[in-house]
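Okay, structure first, notes after.
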Amino acid sequence: MTTVAVTTRSQILRHTAAFTSSVLSQPELRRRLIATLLRDTPISDEKHLKLAADTLESAISFASPALRTSSLSLLEKLLFPLPDFALSSLLLSLAHAIRNRPTESATSLLQIFHSNKNNNASLARSEIAPVLYERLFSLHLFPVFRWFDEQRTKILSSSPSTSSRENDYSVSEEYSVVLPCAKVLSKMSEEQAGKLREVEREYEEVLDENCRVLAEYFKEVLVKENSDAGISPPPLILKSAAEGGGRENQTEEMTPMSVLENGRYNPIWSEREASVEFLSPGSSRRSPQTPFYPQRVFSRILNPKNPSKNWTTPLHLNTTPDADFSSEESLLSSSSDSEAENEEKDTTIALLEPRQSQIQEQMQTFFKQSRDSPDYPMADFDNPLNGVGKHAPPKDFVCPITSHIFDDPVTLETGQTYERKAIEEWFNRGNSTCPITRQKLQNIQLPKTNYVLKRLIASWKDRNPHLVQPPYESPYEDAEAAVQSTTPSTSPNSVIIQATVDGMMSELRCAINNLYMSEILKESETAVLQIEKFWRGVNLGVDIHRMLVKPAIINGFMEILFNSVEAQVLQAAVFLLAEMGSRDNSVIETLTRVKTDVECIIALFKNGLTEAVVLLHLLNPPITSLTEMAIVESLITVLNTKEEELVAMCLKPKTAAMLLLARITGSSEEIIASSVVNTLFSGNAIGTIVSSFGADLAKERIAAVEILLRCMEEDGTCRSNIADKAELSPLMETLIGADDGERFKIIQFFAELVKLNRRTSTEQILHIIKEQGPFSTMHTLLIYLQAALHDHCPVMAGLLLQLDLLVEPRKMSIYREEAMDTLISCLRNTDFPVIQLAAADTIMSLQGSFDFSGNPLIREVLLKRAGIDKSSRSLVLVDHQISNSSPEIDITPEEEKAADDWERRIAYILVSHEFGTIFEALADGMKSRNPELRSACFLSATWLTYMLTILPDTGIQVPARACLLKPFIAKLNSARDVEDRILSMVALNSFLHFPEGLGDLTSYTKDILKGLRELKRSCPLASKMLKSLVEENESKADIWIHKELIKQDCSENGEVLSVICFKDKKISGHTDGTIKVWTLKNNLFHLLQEIQEHTKAVTNLVISESGDRLYSGSLDRTSKVWSIGKAAIHCVQVYDMKDQIHNLVVTDSLSCFVSQGTGVKVQSLNGESKLLNSSKYVKCLAHVNGKLYCGCRDSSVQEIHLATGTVNTIQSGYKRLLAKANPIHALQIHGELIYAAGSFLDGSSLKIWNSSNYSMVGSLQTVSEVRAMAVSSGLIYLGCKGGTVEIWDMKKLSKVDTLQMGTNCRVNCMALDSNEEFLVIGTSDGQIQAWEMN
């Protein structure tokens, strides 16, 4: 029974995602893989695959998500009809990876390991994805490797030279030997070589078939929902030589391997290691329990019966990359064969192992060239070490660089083993290849110690102490030197003490040896507990730390963490690693070399090993690793644990947990930080974090500040809870010794904490900050402010100003002056918009009104003062203002008085500083291009202007009026937001309280009246201002009957080519193929849906006669039918019109459209089509009662009966003047009248015809070129080329008004709603405007 690992879904996704990410991020690698696979593709399909590859490259290069999605869809369509080529599977996998479909990407990628007529799986294993093959497939294929190994062994063992010497020497029953493959191959016959080649061919076939089986298995794991629980792998397919030359298929069952959750397998305590069956010289039989991983064997194996013969027993551990697993089998070979016999077989050896001899020949010269020091002679590859002879140590126990027996062996990815320090020196000299094979190494970070080989060496040393060389390095040498340097006393007591110390040292060395050498887990666990006892309580006069920091010993501790289940042992191992890591950074470097080590420690911490949090903090893993492992809840558990329940360590576990939590919440990834904060709220951890303000370490207090700042930013409702529980005195002490960054975090925390919804509570916090510091807080802040970074200044100045104004302002205050100068200077600093915005937000927050979440309520306060109560406001507000989850608070007289007093004090200080210079700074800010800065400055200016009516008259209103009068008037007339217009009116009304202000406003009466009339119905303050500015008998001619409601910029979608009104929805079509669905509520456009199913411009939108379907015509030669729902439209049918659609009308059974050619194409719903009016180039269409009206490019108008096809001419066309056409651009049918609009030709742009007798009944004398038209029950709207809409009285045929679009654009389309209350206009510059008709 062969044991293999169960592969989980997460492992498959991780390895396949790593491969696709690497390919997508490396263009050169991607092009190389595609070129390699193209060579394996038939010429007939090569063109299509090249096109698909180019499409993928285009998708990767596109920055636009829409273009990228379109390219990927095209790629999938290109690959769909192709056979299952490896290249098509690879391209499809990469496309799925770009679209963030990991499962589909993995499934497609696994397809490249299917071997068929279109696919060569061996290419995937060797050149395309060798790393993926190694990490996913090879772990399951060890039985196949063993099977191949056995077949080769049978062939090689049948050599006559082997059997003839069976009686020359005996092999002990305990041990086996591994000999170089070349020794045996040199004795092979031609028949054996042929059989070996046949086995190798068969081996490739078996690999192909099993890769296919495993790929299907991996796909099954991906499909299963709970696949991480593990799915049993399928049986492998094996082929073995049967009697008579036939072959029969064999399968071998697979049982799950004992694998940790992180995928790490440790053979040190594996049951299979103890059950290895070693072979006798003439046998090829192998125990079914022989482990398939490379084994190291003992060297004491040969007992020569004939002592006159010398035998060599090299253990072939350092195999070349080209050597197969057979090189590790137990074979015997004699070294006494003649050289002539060996030379006879050279040709056969060259056929089977072409690189073996080359590598061996190069090794001698290579090391002679690469080593400058004679201290590193290379051991002879084929001769005994240093000429010792048959009793020399096995060559696999000797480093090929140092010629010393291994002390800390490490095995590279090439299979070669070296002494750690020797190979480190090799890498430090700038080399990145394997010294033996000269192969380029993918990773030059050294792996962990080869413990299997190390134990074999230790066993050999025990049996051959007289042959043991001085070690290259001892893990105890530093400690032994430290012990020997102490001269022992000769007194009796000293001798006894020294003997005790020596005994303890011996016990400690034994424990360390058992830790990383013992094969018995229990012994290693006991060793950890013994080492911990020595560390904690026994003073040996030596530095135990120096004895434990060697990488081999650190790795031994990690093996304990991976394999032990004893809580006490795990706790001791983590404690020791943390203690050593806090003292020596090399320990941390050793632990972080292997990613799985960190993952193991995280897993242990999540499973309840609290002490691991300290080690995690020292390891400092990436934030992504911490968040992926979801350790926040475990960190909260540590924070909530009582101090006395935690182990005393180099760093308190609570402190480590707080520091880790601060790192995670400070992540630049908004999603990560937000998720962590929500977990803190759900875990009720805020109180515990606040309690850390009293921690002993300053860095823990600052970490708590950072976490709470992020919490208040995410959900400000926790602010009151923090304020109630926080003890701020320790933070005041921390403020003194902190650096600039930490100091600003604390000040920023104070500034956020005082944004409470009760003024009395805010002032209590401010008093604590001001009075409880070890030194004068005011003076400390002043010093910090004068030396602070620019981006820190606004927050510091705001806090300093609030502390200074806790009492009635004095005439002079150095703190106030410095804070005001700083705020105004930052507000004027146009070189740094971020600093400007921070200063504007600070001034706005000084008003002092906040909601329960800490958001400023200055807008709500001003609107209330304008008579707009929150409950009666018709505008849609921000969600947190509407659905404020905070409990309603009762405003007591005391609370109200405190708020009014504060507002009066702070406003007086702001406006009186240097005689109103703040107004000039705010006026400049209102002109900024930054909308957030404009809004903040506007609100602050409005508030301070209003406060001028409450504060004593000191003449400050004069500079305020000079700076802000014109900006407020412009805001009143041009602001899109009605609230902003009302606030502008509040500010202008404040100027009416002063005689000079009334005079200034009178000169702008004409500019103000329009805005006041529009606000009259929504705000009572507007009526009061109108009475003050105009007479009661004002002429009615000044009343506006059309009011612009909103202008929506859709220029990113190109021109607006069509608009239509359907019930409460407004639908627009754009030149990029986009269709947008809008609703007009509260004088604002709200986008309900945006669709881009047309690939080219949407030229027409038409509602069916039944009123339940929307038809769209496009230049992409399709017409789509849409069902209209309450909140969205859905495409239900697509018609291929086979020509571009420039104008479209729809009946219940027909679609009529204008194409690029002549005539009108009529297509029925069953697919039949015909061409009408084929002699005319039609420009526009209109339909009513089965009659189709055509406006043509030659200014003619025709009527066509759809049933009979009869054509009647209503208006004759004109000949072209100077080759310029004069088309009919718009055609409308209203009642019995036909309205035809076009270019100015004979004095009128619009003519009106009677549909019954075809007589002209009137015309409009306008010289504008009309491009669009809408007709209501009493008015005619003409959209003109110059960006205007002329309004004409239908009865008098006289112009009533002209609407200005604001730019020199072209009006493309217009639509009226069914109630004729709104006019919607689309223009060539991508604007959609809505006008209200009174």
Side-chain angles (χ1 to χ4, degrees), residues 2 115 120-122 125-126 141-166 176-211 236-252 277 279-288 290 292 294 316 319-334 337-338 340-360:
T2 305
S115 186
N120 183 4
S122 63
R125 297 194 299 269
S126 60
L141 293 173
F142 279 117
V144 177
F145 303 153
R146 190 184 68 187
W147 167 82
F148 175 61
D149 198 10
E150 290 174 349
Q151 302 308 311
R152 292 190 61 180
T153 302
K154 290 178 181 179
I155 295 171
L156 297 176
S157 63
S158 62
S159 171
S161 60
T162 303
S163 59
S164 64
R165 290 173 172 81
E166 284 186 17
S176 67
V177 66
V178 180
L179 298 177
C181 187
K183 295 275 187 180
V184 179
L185 291 179
S186 63
K187 309 297 183 285
M188 283 196 306
S189 65
E190 292 293 339
E191 180 183 359
Q192 287 176 309
K195 289 182 180 180
L196 199 56
R197 284 192 291 269
E198 178 65 20
V199 168
E200 289 175 348
R201 182 195 62 76
E202 192 174 304
Y203 170 66
E204 289 295 327
E205 294 177 357
V206 171
L207 277 184
D208 289 346
E209 182 63 21
N210 282 290
C211 282
L236 295 181
I237 299 173
L238 303 179
K239 291 183 179 181
S240 59
E243 292 183 5
R247 295 184 181 91
E248 58 182 0
N249 292 337
Q250 296 181 348
T251 61
E252 181 164 336
E277 181 178 341
L279 305 179
S280 61
S283 173
S284 64
R285 179 177 55 85
R286 179 185 290 270
S287 168
T290 303
F292 50 77
H316 195 66
T319 60
T320 66
D322 297 291
D324 289 304
F325 279 85
S326 60
S327 61
E328 296 182 7
E329 289 299 319
S330 300
L331 302 174
L332 288 175
S333 176
S334 170
D337 294 313
S338 66
E341 291 178 349
N342 293 340
E343 290 175 357
E344 291 177 0
K345 304 303 180 179
D346 284 346
T347 304
T348 305
I349 297 173
L351 288 174
L352 296 177
E353 294 186 0
R355 295 183 57 196
Q356 183 75 18
S357 60
Q358 298 175 14
I359 294 173
Q360 294 183 7

Before accepting this row, confirm whether a basic side-chain N of the pair E198/R201 lies closer than 4.0 Å to the acidic partner's carboxylate O. yes

Side-chain ion pair, R125 and E204, N-O less than 4.0 Å: yes

To the nearest 0.5 Å, tell me how far [X] [atom1] sits from [Y] [atom2].
| X | Y | atom1 | atom2 | result |
| --- | --- | --- | --- | --- |
| E202 | Q151 | CD | CD | 7.0 Å |
| F148 | F145 | CZ | CZ | 10.5 Å |
| E209 | L236 | CD | CG | 11.0 Å |

What are the two closest heavy atoms between D208 and S122, and how far apart are they?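 Minimum heavy-atom separation between D208 and S122: OD1-N, 4.0 Å.
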
